[in-house]
Amino acid sequence: MEIVEEGPFRFRIPREGGMRVPGVVFATRDLLPAAAGDQALLQVMNVAALPGIVEASYAMPDVHWGYGFPIGGVAATDTAAGGVVSPGGVGFDISCGVRLLAADCDRDRLAPRLRSLMDILGNRTPRGPGRGGVWHLDARQLAEVLVGGARYAVEQGHGVRRDLDRCEDAGVLSGASPEQVSERALERGLGQVGSLGSGNHFLEVQAVDAVYDESAARAMGLRERQVCVMIHCGSRGLGHQICTDHVRVMDRAMSRYGIEVPDRQLACAPTHSDEGRAYFAAMAAAANYARANRQLLTEAARRAFGETAGCGLELVYDISHNLAKAETHDVAGAGLDLCVHRKGATRALPPGHPDLPRDLATVGQPVLIPGTMGTSSYVLAGVPGGGAWHSTCHGAGRVRSRHRAAREVDGRRLRADLEQQNVAVRASSWRGLAEEAPQAYKDVDAVVRAGEGAGLCRRVARLVPLGVVKG
DNA sequence: ATGTGC
């Protein structure tokens, strides 16, 4: 394959074969996927063949191999021109995302209480595969969660109104219908609201370690040495089942629409088709589930902080990095209705965008980047003119498979190393911990520098871990 | 990511 360095932080994969648009990768040479067997750039090319794709098949600096679409991929299709929606462009963990809470205390004040706080968070945070959640629902309430998201959770007393002001879409994605969610998905989701899951999901107690933009940080409620909580989780078994169900339906339907894709994992259907609309309605339901999930974990963290440290936690922002959204964008002077897939990529609205919370209108949207255990996480902001439909990276990006990381790293040893660095670790399995070792990931500092260099976002603050509750 | 599989 041909890849052309177009400028700093920007590579181009010219059109060939069935590609309808070029590929554009925002990265440095060092960040390009290089691991043996990593087909991410081939996947960027495959995505470029989707019906209705507009401008380019984009990849963010943390791009790596995924199911059909690369993780770190962004693709928009023109809905009026037969553009498609593809479950593989969202990912199995629908609306997986990050929420950042800012404590009204500094790290020095928390230090003497940190261990007992971590014990309580560790004991009370449901996590690991298949385990239950903190909110026990009946079927009727689950349907309300699927339609109402974090807003329903807050209405039921799990949070405060201001939380919703600081959620993407005010905590609820419209267009969700529980009727499009299978019985099996509902069963899997029933007992998991308020749970982390496993893999790279976590709840971290962090401290603000550096501030790059003082006024933006202040507007977001952040200052040096302040304690924060970062929650990274998604829609659990419910979202996974929805993805599985709709991939199957679309795989069978594609030929009826005359759609051919280079990889079956890119199964898709026109956004206006029955299959496309059904997926969108189910995807929105999973997105609302994920938002309620993060809202319930927020309330659990607030109780733990209140009891042990007498601290409150204010929501900075809640943003998804696995979602397809209906958005209108200016393309060659005309407003087009697009279906924007972001898979392992984060929306980054620029200052002045009408969808921003009023008090962040001049700042831009907070973008939350979870780093790797023991390294940094970042708060970024959207910038004017941001490319790739106002999108940027979502995390460090994996460079070694789970399998290889588990083979090379000893989980107990990793925990001891982290504790040595004063990071308290509450793991759920040694293997799971090993799979998430820092050496399995790209350098998150380099990833966010590349995002900034490519004009996709700007850095606001860096956060370092004090303690991690690992999924 | 996932009751780590069809």
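Computed from a prediction, not measured in an experiment: that's the story for all the values here. Throughout, protein chains are lettered first and strands after them, A, B, ... in sequence-line order, and every chain is numbered starting at 1. Below, each value reflects all heavy atoms present in this structure, side chains not excepted, and no hydrogens, waters or symmetry copies.
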- Query: Is the phosphate of B/dT4, meaning OP1 or OP2, less than 4.0 Å from a side-chain N or O of A/R431?
  - Reply: no

- Query: Do any side-chain nitrogens or oxygens of A/S235 fall under 4.0 Å of OP1 or OP2 in B/dA1?
  - Reply: no

- Message: Suppose we screen for side chain to side chain donor-acceptor pair (under 3.5 Å). Which residues come up paired with A/Q439, at least two apart in sequence or across chains?
- Response: none

- Query: Heavy-atom distance under 4.5 Å between the side chains of A/F305 and A/V229, does that happen here?
  - Reply: yes

- Euclidean distance, atom CD of residue A/Q241 to atom P of B/dG5 [Å, nearest integer]: 14 Å

- CD on A/E408 to OG on A/S401, rounded to 0.5 Å: 8.0 Å

- Item | Whole angstrom value for the distance that separates C1' of B/dG5 from OH of A/Y67 | 13 Å

- Query: Should the pair A/H329 and A/H390 be assigned to parallel (<30°), tilted (30 to 60°) or perpendicular (>60°) ring geometry?
  - Reply: tilted

- To the nearest Å, how far apart are A/R184 CZ and B/dT2 P? 16 Å

- What does A/G239 touch in the nucleic acid at a heavy-atom separation under 4.0 angstrom: a base, only the sugar-phosphate, or nothing? nothing

- Query: Who passes side chain to side chain donor-acceptor pair (under 3.5 Å) against A/T298, sequence neighbours left out?
  - Reply: A/R99

- Note on the structure: Contacts of A/E435 and A/N200 projected onto DNA chain B by closest heavy atom; the upstream (5') one is A/N200

- Query: Where along residues 141-150 of chain A does a heavy atom come under 4.0 Å from DNA chain B, residue by residue in number order?
  - Reply: none

- Message: So A/G199, base contact, sugar-phosphate only, or nothing? Heavy-atom distance under 4.0 Å.
- Response: sugar-phosphate

- Between A/N293 (CG) and B/dA1 (C1'), how many Å, whole number? 13 Å

- Nucleotide B/dT2, atom P - distance to CZ of A/R127 in whole Å: 14 Å

- Message: Rounded to whole Å, please give me the gap between CH2 in A/W65 and C1' in B/dA1.
- Response: 12 Å

- Message: Categorize A/G91 for me: base, sugar-phosphate, or nothing, with a 4.0 angstrom heavy-atom threshold over every strand shown.
- Response: nothing

- Could you please spell out the steps behind the salt bridge (Lys or Arg N to Asp or Glu O under 4.0 Å) verdict for A/E452 and A/R459? CA-CA 7 Å; A/E452 188 170 78; A/R459 287 178 293 179; 3.3 Å; yes

- Taking only side-chain nitrogens and oxygens of A/N322, does any of them come within less than 4.0 Å of OP1 or OP2 of B/dA1? no

- For A/E187, report the nucleic acid contact type (base, sugar-phosphate, nothing); a contact means any heavy atom under 4.0 Å. nothing

- Length of the line joining A/Q192:CD and B/dT2:C1', which is rounded to integer Å: 9 Å

- Item | Nucleotide B/dT4, atom C1' - distance to NE2 of A/H403 in whole Å | 13 Å

- Query: Would a line drawn from the ring center of A/H232 to the ring center of A/H321 be shorter than 6.0 Å?
  - Reply: yes

- Query: OP1 or OP2 of B/dA1 sitting under 4.0 Å from any side-chain N/O of A/R236?
  - Reply: no

